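All residue numbers refer to positions in the sequence shown, counting from 1. This structure is a prediction, so every number in the text was calculated from the model and none was measured.
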Amino acid sequence: MGYILGAVVCGIAAWQMRKRGIHQKVQQAALVLAAGFLLASAFWQLDSSSETQSQVGRNPPGGGEKEKEYLIDADGMLEQYPLTIQIEEKKLTKEQRQECLKDAKQELDVLILGENPSLERVSKPLYLPEALQGGAVTAEYHFSDYDVFDITGKITDTLAEPVFVEVSAELSCQGETCLYAFFVQAVPRDKSKKELFAEKLQQLLASENNREDTEFLQLPKEVDGIGVRWSEQRENRAIAAAFLGLAGAFGIICSEKEGRKKKEMERRRQMMLDYPEIISKLSLLLGAGMNITCAWEKITSGYQALRKRSHMPRREAYEEMVATLHEIQQGVGELQAFENFGERCRLSVYRKLSSLIVQNIRKGAKGMQRLLDTEEREAFELRKAQARKMGEEAGTKLLLPMGMMLVVVLVILLAPAGLTFQA
(Lines give C-alpha, C1' and ligand atoms only; values in the text may rest on other atoms or scores of the structure.)
Protein backbone atom coordinates (compact mmCIF):
# COMPACT_ATOMS: atom_id res chain seq x y z
CA MET A 1 0.00 0.00 0.00
CA GLY A 2 2.84 2.37 0.83
CA TYR A 3 4.40 1.93 -2.60
CA ILE A 4 1.14 2.80 -4.36
CA LEU A 5 0.70 5.87 -2.12
CA GLY A 6 4.25 6.99 -2.98
CA ALA A 7 3.53 6.60 -6.71
CA VAL A 8 0.34 8.67 -6.39
CA VAL A 9 2.13 11.44 -4.46
CA CYS A 10 4.97 11.60 -7.00
CA GLY A 11 2.49 11.67 -9.89
CA ILE A 12 0.54 14.54 -8.34
CA ALA A 13 3.78 16.40 -7.64
CA ALA A 14 4.87 16.02 -11.30
CA TRP A 15 1.48 17.32 -12.47
CA GLN A 16 1.73 20.35 -10.17
CA MET A 17 5.27 21.08 -11.37
CA ARG A 18 4.14 21.03 -14.97
CA LYS A 19 1.21 23.30 -14.14
CA ARG A 20 3.49 25.82 -12.44
CA GLY A 21 6.17 25.66 -15.13
CA ILE A 22 8.90 24.21 -12.95
CA HIS A 23 12.01 22.93 -14.72
CA GLN A 24 11.33 19.98 -17.01
CA LYS A 25 14.14 17.84 -15.56
CA VAL A 26 12.55 18.02 -12.11
CA GLN A 27 9.22 16.90 -13.59
CA GLN A 28 10.89 13.95 -15.29
CA ALA A 29 12.61 12.97 -12.04
CA ALA A 30 9.26 12.94 -10.22
CA LEU A 31 7.68 10.78 -12.94
CA VAL A 32 10.57 8.33 -12.85
CA LEU A 33 10.22 8.10 -9.06
CA ALA A 34 6.50 7.40 -9.44
CA ALA A 35 7.23 4.66 -11.97
CA GLY A 36 9.74 3.17 -9.51
CA PHE A 37 7.13 3.05 -6.78
CA LEU A 38 4.65 1.34 -9.12
CA LEU A 39 7.26 -1.24 -10.11
CA ALA A 40 8.13 -1.82 -6.46
CA SER A 41 4.45 -2.37 -5.70
CA ALA A 42 4.17 -4.96 -8.46
CA PHE A 43 7.26 -6.83 -7.26
CA TRP A 44 6.02 -6.69 -3.69
CA GLN A 45 2.80 -8.39 -4.75
CA LEU A 46 4.77 -11.08 -6.63
CA ASP A 47 7.38 -11.64 -3.93
CA SER A 48 5.04 -11.42 -0.94
CA SER A 49 5.44 -14.46 1.26
CA SER A 50 2.48 -13.81 3.50
CA GLU A 51 0.23 -16.16 1.50
CA THR A 52 -0.32 -19.48 3.25
CA GLN A 53 0.34 -22.54 1.05
CA SER A 54 -0.72 -26.10 1.64
CA GLN A 55 0.90 -27.82 -1.34
CA VAL A 56 3.80 -27.40 -3.80
CA GLY A 57 3.91 -28.79 -7.31
CA ARG A 58 6.57 -31.37 -8.17
CA ASN A 59 8.58 -31.59 -11.38
CA PRO A 60 7.52 -34.34 -13.80
CA PRO A 61 9.59 -37.56 -13.98
CA GLY A 62 13.03 -36.69 -15.31
CA GLY A 63 12.67 -33.02 -14.36
CA GLY A 64 14.84 -33.42 -11.27
CA GLU A 65 14.32 -31.96 -7.82
CA LYS A 66 13.81 -28.28 -7.13
CA GLU A 67 14.50 -26.02 -4.18
CA LYS A 68 12.26 -23.42 -2.57
CA GLU A 69 12.68 -21.00 0.32
CA TYR A 70 9.85 -20.33 2.81
CA LEU A 71 9.19 -18.25 5.93
CA ILE A 72 7.52 -20.32 8.66
CA ASP A 73 5.06 -18.95 11.21
CA ALA A 74 4.10 -21.34 14.05
CA ASP A 75 1.84 -20.11 16.84
CA GLY A 76 3.94 -19.41 19.86
CA MET A 77 7.02 -21.19 18.43
CA LEU A 78 8.30 -19.65 15.20
CA GLU A 79 7.88 -16.29 13.54
CA GLN A 80 9.13 -15.64 10.00
CA TYR A 81 11.62 -18.52 10.35
CA PRO A 82 13.51 -19.12 7.06
CA LEU A 83 13.52 -22.70 5.79
CA THR A 84 14.77 -24.18 2.52
CA ILE A 85 13.14 -27.42 1.34
CA GLN A 86 14.03 -29.84 -1.45
CA ILE A 87 11.10 -30.99 -3.60
CA GLU A 88 11.83 -34.19 -5.47
CA GLU A 89 10.36 -35.01 -8.86
CA LYS A 90 7.09 -36.92 -9.20
CA LYS A 91 7.44 -40.56 -8.17
CA LEU A 92 6.03 -43.24 -10.46
CA THR A 93 4.35 -46.45 -9.38
CA LYS A 94 5.95 -49.80 -10.18
CA GLU A 95 3.55 -50.34 -13.07
CA GLN A 96 4.27 -46.85 -14.40
CA ARG A 97 8.03 -47.41 -14.19
CA GLN A 98 7.78 -50.70 -16.08
CA GLU A 99 5.59 -49.08 -18.72
CA CYS A 100 8.10 -46.22 -19.01
CA LEU A 101 10.99 -48.70 -19.52
CA LYS A 102 8.98 -50.52 -22.20
CA ASP A 103 8.34 -47.25 -24.05
CA ALA A 104 12.02 -46.36 -23.68
CA LYS A 105 13.02 -49.56 -25.53
CA GLN A 106 10.77 -48.65 -28.44
CA GLU A 107 12.13 -45.11 -28.49
CA LEU A 108 15.72 -46.42 -28.43
CA ASP A 109 15.05 -48.71 -31.42
CA VAL A 110 14.36 -45.60 -33.49
CA LEU A 111 16.95 -43.19 -32.08
CA ILE A 112 19.96 -45.52 -32.04
CA LEU A 113 19.95 -45.83 -35.84
CA GLY A 114 21.24 -42.30 -36.29
CA GLU A 115 21.85 -41.90 -40.03
CA ASN A 116 21.87 -45.65 -40.72
CA PRO A 117 18.99 -47.22 -42.70
CA SER A 118 18.58 -50.21 -40.32
CA LEU A 119 20.33 -52.24 -37.63
CA GLU A 120 21.18 -54.89 -40.26
CA ARG A 121 23.40 -52.43 -42.14
CA VAL A 122 25.28 -50.03 -39.85
CA SER A 123 28.08 -48.12 -41.54
CA LYS A 124 27.78 -44.79 -39.74
CA PRO A 125 28.04 -43.93 -36.03
CA LEU A 126 25.21 -45.05 -33.75
CA TYR A 127 23.34 -42.43 -31.72
CA LEU A 128 23.47 -43.35 -28.02
CA PRO A 129 21.06 -41.09 -26.08
CA GLU A 130 21.78 -40.82 -22.37
CA ALA A 131 18.15 -39.95 -21.51
CA LEU A 132 14.85 -41.32 -22.85
CA GLN A 133 11.18 -40.62 -22.25
CA GLY A 134 11.76 -36.94 -21.57
CA GLY A 135 14.52 -37.67 -19.05
CA ALA A 136 12.56 -40.17 -16.97
CA VAL A 137 14.82 -43.03 -18.15
CA THR A 138 18.63 -42.98 -18.21
CA ALA A 139 20.75 -45.35 -20.31
CA GLU A 140 24.28 -46.78 -20.27
CA TYR A 141 25.68 -48.72 -23.25
CA HIS A 142 28.15 -51.57 -23.73
CA PHE A 143 29.44 -53.34 -26.85
CA SER A 144 30.54 -56.96 -27.18
CA ASP A 145 33.41 -56.01 -29.51
CA TYR A 146 35.19 -52.71 -28.97
CA ASP A 147 37.43 -53.42 -31.95
CA VAL A 148 34.41 -52.62 -34.12
CA PHE A 149 32.72 -49.82 -32.11
CA ASP A 150 34.28 -47.35 -29.72
CA ILE A 151 32.50 -46.17 -26.57
CA THR A 152 30.75 -43.36 -28.49
CA GLY A 153 29.22 -45.74 -31.06
CA LYS A 154 31.57 -44.86 -33.91
CA ILE A 155 32.75 -47.64 -36.24
CA THR A 156 36.52 -48.05 -36.39
CA ASP A 157 38.27 -47.59 -39.73
CA THR A 158 39.87 -51.06 -39.56
CA LEU A 159 36.61 -52.88 -40.31
CA ALA A 160 37.09 -54.92 -43.50
CA GLU A 161 33.97 -57.10 -43.66
CA PRO A 162 30.46 -57.21 -42.09
CA VAL A 163 30.30 -58.39 -38.47
CA PHE A 164 27.56 -58.75 -35.85
CA VAL A 165 28.03 -56.93 -32.55
CA GLU A 166 25.80 -57.13 -29.48
CA VAL A 167 24.71 -53.82 -27.97
CA SER A 168 23.58 -53.79 -24.32
CA ALA A 169 21.62 -50.85 -22.95
CA GLU A 170 21.12 -50.69 -19.19
CA LEU A 171 17.93 -48.65 -18.66
CA SER A 172 17.05 -47.09 -15.29
CA CYS A 173 13.86 -45.37 -14.15
CA GLN A 174 13.68 -44.22 -10.51
CA GLY A 175 15.51 -47.31 -9.20
CA GLU A 176 13.82 -49.74 -11.59
CA THR A 177 16.39 -51.20 -14.04
CA CYS A 178 16.33 -53.53 -17.00
CA LEU A 179 18.85 -54.76 -19.55
CA TYR A 180 17.94 -54.37 -23.20
CA ALA A 181 20.26 -56.27 -25.56
CA PHE A 182 20.13 -56.50 -29.35
CA PHE A 183 22.45 -57.17 -32.28
CA VAL A 184 23.57 -54.81 -35.03
CA GLN A 185 25.47 -55.69 -38.17
CA ALA A 186 28.40 -53.38 -38.76
CA VAL A 187 29.47 -53.12 -42.39
CA PRO A 188 32.42 -51.24 -43.88
CA ARG A 189 31.37 -47.82 -44.97
CA ASP A 190 31.08 -47.08 -48.66
CA LYS A 191 34.34 -45.57 -49.80
CA SER A 192 34.69 -42.99 -52.50
CA LYS A 193 36.57 -43.62 -55.74
CA LYS A 194 39.46 -41.51 -54.45
CA GLU A 195 39.77 -43.60 -51.28
CA LEU A 196 39.64 -46.89 -53.22
CA PHE A 197 42.28 -45.64 -55.65
CA ALA A 198 44.52 -44.55 -52.76
CA GLU A 199 44.15 -47.98 -51.10
CA LYS A 200 45.23 -49.75 -54.30
CA LEU A 201 48.18 -47.41 -54.55
CA GLN A 202 49.14 -48.20 -50.96
CA GLN A 203 48.93 -51.94 -51.70
CA LEU A 204 51.24 -51.57 -54.69
CA LEU A 205 53.73 -49.61 -52.59
CA ALA A 206 53.57 -52.24 -49.83
CA SER A 207 54.33 -55.05 -52.29
CA GLU A 208 57.18 -53.00 -53.77
CA ASN A 209 58.61 -52.45 -50.29
CA ASN A 210 58.63 -56.21 -49.67
CA ARG A 211 60.87 -56.90 -52.66
CA GLU A 212 64.33 -58.15 -51.70
CA ASP A 213 67.74 -57.03 -52.90
CA THR A 214 66.60 -53.71 -54.39
CA GLU A 215 68.38 -50.42 -53.91
CA PHE A 216 65.44 -48.28 -54.96
CA LEU A 217 61.72 -48.17 -54.29
CA GLN A 218 59.99 -48.17 -57.63
CA LEU A 219 57.06 -45.77 -57.60
CA PRO A 220 54.07 -47.00 -59.63
CA LYS A 221 53.47 -45.04 -62.81
CA GLU A 222 50.05 -46.52 -63.47
CA VAL A 223 47.17 -47.92 -61.38
CA ASP A 224 44.21 -49.57 -63.15
CA GLY A 225 45.13 -47.81 -66.36
CA ILE A 226 45.33 -44.39 -64.71
CA GLY A 227 48.68 -42.60 -65.00
CA VAL A 228 50.33 -41.49 -61.76
CA ARG A 229 52.86 -38.67 -61.57
CA TRP A 230 55.01 -38.30 -58.45
CA SER A 231 56.44 -35.01 -57.19
CA GLU A 232 58.14 -34.60 -53.83
CA GLN A 233 56.25 -32.34 -51.48
CA ARG A 234 58.41 -29.45 -50.40
CA GLU A 235 57.88 -26.61 -48.03
CA ASN A 236 56.31 -23.67 -49.82
CA ARG A 237 58.80 -20.92 -49.12
CA ALA A 238 57.59 -18.63 -51.89
CA ILE A 239 54.78 -17.19 -49.77
CA ALA A 240 57.15 -16.68 -46.84
CA ALA A 241 59.60 -14.92 -49.14
CA ALA A 242 56.82 -12.72 -50.52
CA PHE A 243 55.72 -11.78 -47.01
CA LEU A 244 59.34 -11.15 -46.06
CA GLY A 245 59.72 -8.84 -49.04
CA LEU A 246 56.49 -7.08 -48.16
CA ALA A 247 57.63 -6.64 -44.57
CA GLY A 248 61.00 -5.35 -45.79
CA ALA A 249 59.35 -2.84 -48.12
CA PHE A 250 57.05 -1.70 -45.33
CA GLY A 251 60.04 -1.37 -43.02
CA ILE A 252 61.94 0.71 -45.58
CA ILE A 253 58.96 3.01 -46.07
CA CYS A 254 58.54 3.40 -42.32
CA SER A 255 62.26 3.97 -41.81
CA GLU A 256 62.29 6.58 -44.57
CA LYS A 257 59.33 8.33 -43.00
CA GLU A 258 61.00 8.15 -39.59
CA GLY A 259 64.23 9.45 -41.11
CA ARG A 260 62.44 12.44 -42.60
CA LYS A 261 60.79 13.08 -39.26
CA LYS A 262 64.12 12.96 -37.42
CA LYS A 263 65.71 15.18 -40.06
CA GLU A 264 62.91 17.73 -39.66
CA MET A 265 63.24 17.63 -35.86
CA GLU A 266 67.00 18.16 -36.13
CA ARG A 267 66.42 21.06 -38.52
CA ARG A 268 63.96 22.70 -36.12
CA ARG A 269 66.31 22.17 -33.17
CA GLN A 270 69.26 23.69 -35.06
CA MET A 271 67.25 26.69 -36.23
CA MET A 272 65.99 27.33 -32.71
CA LEU A 273 69.57 27.29 -31.43
CA ASP A 274 70.71 29.77 -34.14
CA TYR A 275 67.80 32.18 -33.67
CA PRO A 276 69.25 34.16 -30.71
CA GLU A 277 72.53 34.61 -32.59
CA ILE A 278 70.79 35.88 -35.72
CA ILE A 279 68.67 38.34 -33.72
CA SER A 280 71.77 39.55 -31.89
CA LYS A 281 73.65 40.18 -35.15
CA LEU A 282 70.69 42.01 -36.70
CA SER A 283 70.28 44.19 -33.62
CA LEU A 284 74.01 45.01 -33.58
CA LEU A 285 74.16 45.93 -37.28
CA LEU A 286 70.97 47.99 -37.19
CA GLY A 287 72.36 49.82 -34.18
CA ALA A 288 75.48 50.58 -36.22
CA GLY A 289 73.34 52.44 -38.79
CA MET A 290 72.71 49.79 -41.46
CA ASN A 291 69.30 49.22 -42.94
CA ILE A 292 67.70 45.78 -42.70
CA THR A 293 68.68 44.64 -46.20
CA CYS A 294 72.35 45.60 -45.78
CA ALA A 295 72.48 43.96 -42.36
CA TRP A 296 70.91 40.83 -43.88
CA GLU A 297 73.50 40.78 -46.66
CA LYS A 298 76.35 41.31 -44.15
CA ILE A 299 75.26 38.31 -42.05
CA THR A 300 74.82 35.98 -45.05
CA SER A 301 78.14 36.97 -46.64
CA GLY A 302 79.94 36.24 -43.36
CA TYR A 303 78.25 32.81 -43.17
CA GLN A 304 79.18 31.99 -46.78
CA ALA A 305 82.79 33.01 -46.22
CA LEU A 306 83.08 30.68 -43.21
CA ARG A 307 81.46 27.87 -45.21
CA LYS A 308 84.00 28.26 -48.03
CA ARG A 309 86.88 27.98 -45.57
CA SER A 310 85.14 24.93 -43.94
CA HIS A 311 85.11 26.74 -40.60
CA MET A 312 81.36 26.31 -40.16
CA PRO A 313 78.98 23.42 -40.89
CA ARG A 314 75.74 23.87 -42.80
CA ARG A 315 73.17 25.80 -40.78
CA GLU A 316 69.61 25.72 -42.03
CA ALA A 317 68.60 29.14 -40.70
CA TYR A 318 71.51 30.84 -42.46
CA GLU A 319 70.77 28.88 -45.67
CA GLU A 320 67.23 30.29 -45.64
CA MET A 321 68.68 33.78 -45.17
CA VAL A 322 70.95 33.21 -48.21
CA ALA A 323 67.93 32.07 -50.23
CA THR A 324 66.05 35.25 -49.20
CA LEU A 325 68.97 37.44 -50.28
CA HIS A 326 69.10 35.68 -53.67
CA GLU A 327 65.37 36.37 -54.15
CA ILE A 328 65.93 40.08 -53.49
CA GLN A 329 68.91 40.17 -55.90
CA GLN A 330 66.82 38.45 -58.58
CA GLY A 331 64.11 41.12 -58.45
CA VAL A 332 61.63 39.75 -55.94
CA GLY A 333 60.29 42.55 -53.76
CA GLU A 334 61.75 42.85 -50.28
CA LEU A 335 58.36 42.48 -48.61
CA GLN A 336 57.60 39.28 -50.50
CA ALA A 337 61.11 37.88 -49.96
CA PHE A 338 61.00 38.36 -46.19
CA GLU A 339 57.47 36.94 -46.00
CA ASN A 340 58.69 33.89 -47.93
CA PHE A 341 61.54 33.56 -45.43
CA GLY A 342 59.09 33.20 -42.53
CA GLU A 343 56.98 30.66 -44.41
CA ARG A 344 59.97 28.51 -45.39
CA CYS A 345 61.34 28.39 -41.85
CA ARG A 346 57.99 27.06 -40.54
CA LEU A 347 58.78 28.18 -36.99
CA SER A 348 56.84 30.72 -34.97
CA VAL A 349 59.91 32.70 -33.92
CA TYR A 350 61.07 33.15 -37.52
CA ARG A 351 57.57 34.09 -38.62
CA LYS A 352 57.63 36.73 -35.88
CA LEU A 353 61.01 38.01 -37.14
CA SER A 354 59.62 38.11 -40.66
CA SER A 355 56.64 40.17 -39.46
CA LEU A 356 58.94 42.62 -37.64
CA ILE A 357 61.07 43.12 -40.76
CA VAL A 358 58.04 43.59 -43.01
CA GLN A 359 56.59 46.08 -40.54
CA ASN A 360 59.95 47.92 -40.48
CA ILE A 361 60.04 48.18 -44.28
CA ARG A 362 56.45 49.42 -44.50
CA LYS A 363 56.46 51.94 -41.62
CA GLY A 364 60.11 52.84 -41.33
CA ALA A 365 62.88 52.03 -38.89
CA LYS A 366 61.40 53.86 -35.91
CA GLY A 367 61.23 51.53 -32.91
CA MET A 368 62.84 48.60 -34.74
CA GLN A 369 65.95 48.62 -32.58
CA ARG A 370 63.87 48.46 -29.39
CA LEU A 371 61.76 45.60 -30.76
CA LEU A 372 64.86 43.62 -31.75
CA ASP A 373 66.41 44.13 -28.31
CA THR A 374 63.27 42.78 -26.67
CA GLU A 375 63.16 39.86 -29.09
CA GLU A 376 66.86 39.17 -28.40
CA ARG A 377 66.25 38.87 -24.66
CA GLU A 378 63.29 36.56 -25.22
CA ALA A 379 65.30 34.45 -27.67
CA PHE A 380 68.13 33.94 -25.20
CA GLU A 381 65.64 32.94 -22.50
CA LEU A 382 64.11 30.45 -24.94
CA ARG A 383 67.56 29.06 -25.71
CA LYS A 384 68.26 28.60 -21.99
CA ALA A 385 65.01 26.65 -21.60
CA GLN A 386 65.88 24.54 -24.64
CA ALA A 387 69.33 23.83 -23.23
CA ARG A 388 67.79 22.67 -19.93
CA LYS A 389 65.39 20.41 -21.81
CA MET A 390 68.24 18.88 -23.83
CA GLY A 391 70.16 18.27 -20.62
CA GLU A 392 67.19 16.47 -19.09
CA GLU A 393 66.78 14.32 -22.19
CA ALA A 394 70.47 13.44 -22.12
CA GLY A 395 70.16 12.45 -18.45
CA THR A 396 67.18 10.24 -19.24
CA LYS A 397 69.09 8.49 -22.03
CA LEU A 398 71.93 7.74 -19.59
CA LEU A 399 69.63 5.90 -17.17
CA LEU A 400 69.75 2.60 -19.09
CA PRO A 401 73.57 2.47 -19.45
CA MET A 402 73.95 3.44 -15.80
CA GLY A 403 71.51 0.70 -14.78
CA MET A 404 73.44 -1.87 -16.81
CA MET A 405 76.71 -0.73 -15.24
CA LEU A 406 75.11 -1.06 -11.79
CA VAL A 407 74.09 -4.65 -12.57
CA VAL A 408 77.63 -5.47 -13.77
CA VAL A 409 79.14 -3.98 -10.60
CA LEU A 410 76.73 -5.96 -8.41
CA VAL A 411 77.63 -9.18 -10.25
CA ILE A 412 81.35 -8.47 -9.82
CA LEU A 413 80.90 -7.86 -6.10
CA LEU A 414 78.45 -10.65 -5.29
CA ALA A 415 79.76 -13.46 -7.52
CA PRO A 416 82.98 -14.08 -5.46
CA ALA A 417 80.92 -14.07 -2.25
CA GLY A 418 78.52 -16.66 -3.69
CA LEU A 419 81.36 -18.88 -4.85
CA THR A 420 82.91 -18.65 -1.37
CA PHE A 421 79.67 -19.81 0.30
CA GLN A 422 79.38 -22.75 -2.13
CA ALA A 423 82.93 -23.78 -1.38
### Task
Carefully, step by step, assess Leu282 and Ile299 under the rule side chain to side chain contact (heavy atoms under 4.5 Å, CB included).
CA-CA 8 Å; Leu282 282 174; Ile299 294 171; 3.6 Å; yes
### Message
Test side chain to side chain contact (heavy atoms under 4.5 Å, CB included) on Trp296 and Glu334; report intermediate values, then the result.
### Response
CA-CA 11 Å; Trp296 197 273; Glu334 291 184 350; over 6 Å; no
### Task
Evaluate salt bridge (charged side-chain N to carboxylate O under 4.0 Å, His left out) for Glu320 paired with Arg314, printing each intermediate quantity in order.
CA-CA 11 Å; Glu320 296 296 342; Arg314 177 184 174 91; over 6 Å; no
### Query
So Gln185 and Val122, side chain to side chain contact (heavy atoms under 4.5 Å, CB included) or not? Walk me through it.
CA-CA 6 Å; Gln185 184 181 18; Val122 176; over 6 Å; no
### Message
Applying side chain to side chain contact (heavy atoms under 4.5 Å, CB included) to Arg269 and Met272, what does each step give before you reach the verdict?
### Response
CA-CA 5 Å; Arg269 186 190 67 81; Met272 290 299 295; 5.8 Å; no
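The line from CD1 of Ile279 to CG of Asp274 is 12.0 Å long, rounded to the nearest 0.5 Å. Within the model, atoms CG of Leu347 and NZ of Lys352 stand 14.0 Å from one another, a figure rounded to the nearest 0.5 Å. Met271 contributes atom CE, which lies 7.0 Å from atom CD1 of Ile278 (distance to the nearest 0.5 angstrom). One distance of note links CD of Gln330 with CG of Leu325; it measures 10.0 Å at 0.5 Å rounding. Distance check: Met321 CE to Phe338 CZ gives 8.0 Å after rounding to the nearest 0.5 Å. Within the model, atoms OG1 of Thr300 and CZ of Arg307 stand 14.0 Å from one another, a figure rounded to the nearest 0.5 Å.
In plain terms, the two heavy atoms of Ala186 and Val148 that are nearest each other are CB-CG1, 3.7 Å. A pairwise comparison of heavy atoms in Asp147 and Thr156 identifies O-OG1, 2.8 Å as the closest pair. Arg344 and Arg267 get closest at one heavy-atom pair: O-NH2, 3.0 Å. Shortest non-hydrogen contact noted between Tyr146 and Tyr141 is OH-O, 4.4 Å. Minimum heavy-atom separation, Leu119 to Phe183: CB-O, 4.2 Å. Across all non-hydrogen atoms, the minimal contact from Val332 to Ala337 is CG1-N, 4.1 Å.
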Output side-chain donor-acceptor pairs under 3.5 Å for residues 165-172, partner residues at least two apart or in another chain, one line each.
none

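Remark: side-chain polar atoms of Tyr350 are not paired, donor with acceptor, to backbone N or O of Glu343 under 3.5 angstrom. Of the possible donor and acceptor atoms, none in the side chain of Ser280 sits under 3.5 Å from a partner among the backbone N and O of Pro276. Using a distance-only test at 3.5 Å, with no hydrogens or angles considered, a donor-acceptor pair links the side chain of Gln96 to the main chain of Thr93. In terms of modelled atom types and a separation under 3.5 Å, the side chain of Thr138 and the main chain of Ala131 share no donor-acceptor contact. The main-chain N or O of Glu316 is found under 3.5 Å from a side-chain atom of Gln270 such that the two form a donor-acceptor pair.
Screening residues 97-117 for side chain to side chain donor-acceptor pair (under 3.5 Å) gives Glu107-Gln133, Asp109-Tyr180 as the qualifying pairs, with residues at least two apart or on separate chains.
Remark: Ile85 CD1 is packed, more than 12 non-hydrogen atoms of other residues, nucleotides or ligands lying under 6.0 Å away. At most 12 heavy atoms of other shown residues, nucleotides or ligands fall within 6.0 angstrom of atom CZ in Arg268. Heavy atoms from other residues, nucleotides or ligands lying under 6.0 Å from CD of Glu67 number more than 12. Residue Lys281 places its NZ atom among more than 12 non-hydrogen atoms of other residues, nucleotides or ligands, all under 6.0 Å distant. Other residues, nucleotides and ligands contribute more than 12 heavy atoms inside 6.0 Å of the CE atom of Met312.
Side-chain contact between Leu126 and Leu113 is absent, with no heavy atoms from C-beta onward closer than 4.5 Å. Looking at Leu92 and Cys173, their side chains come closer than 4.5 Å, going by heavy atoms from C-beta outward. Side-chain contact between Glu327 and Asn340: present, with at least one pair of heavy atoms (C-beta onward) separated by less than 4.5 Å.
When each of Leu108, Ile151, Ile112, Leu111 is tested with Leu128 by the rule side chain to side chain contact (heavy atoms under 4.5 Å, CB included), just one qualifies, namely Ile112.
In this structure, Phe149 and Phe143 have parallel ring planes: the angle between them is below the 30° cut-off, well short of the 60° mark.
Lys261 and Glu258 are not joined by a salt bridge, as no carboxylate oxygen comes within less than 4.0 angstrom of a charged side-chain nitrogen.
For Ser283, the side-chain hydrogen bond (donor to acceptor under 3.5 Å, both in side chains) test picks out Gln369, Asp373, with sequence neighbours left out. Every residue meeting the side-chain contact (heavy atoms from CB on, under 4.5 Å) condition with Ser118, not counting sequence neighbours, appears here in chain and number order: Glu120, Arg121. Taking the salt bridge (charged side-chain N to carboxylate O under 4.0 Å, His left out) definition, one finds that Arg260 meets it with Glu256, sequence neighbours left out. For the salt bridge (charged side-chain N to carboxylate O under 4.0 Å, His left out) test, residues two or more places apart in sequence or in another chain that qualify with Lys94 are Glu176.
With no hydrogens or angles considered, no side-chain donor-acceptor pair links Tyr275 and Glu378 at under 3.5 Å.
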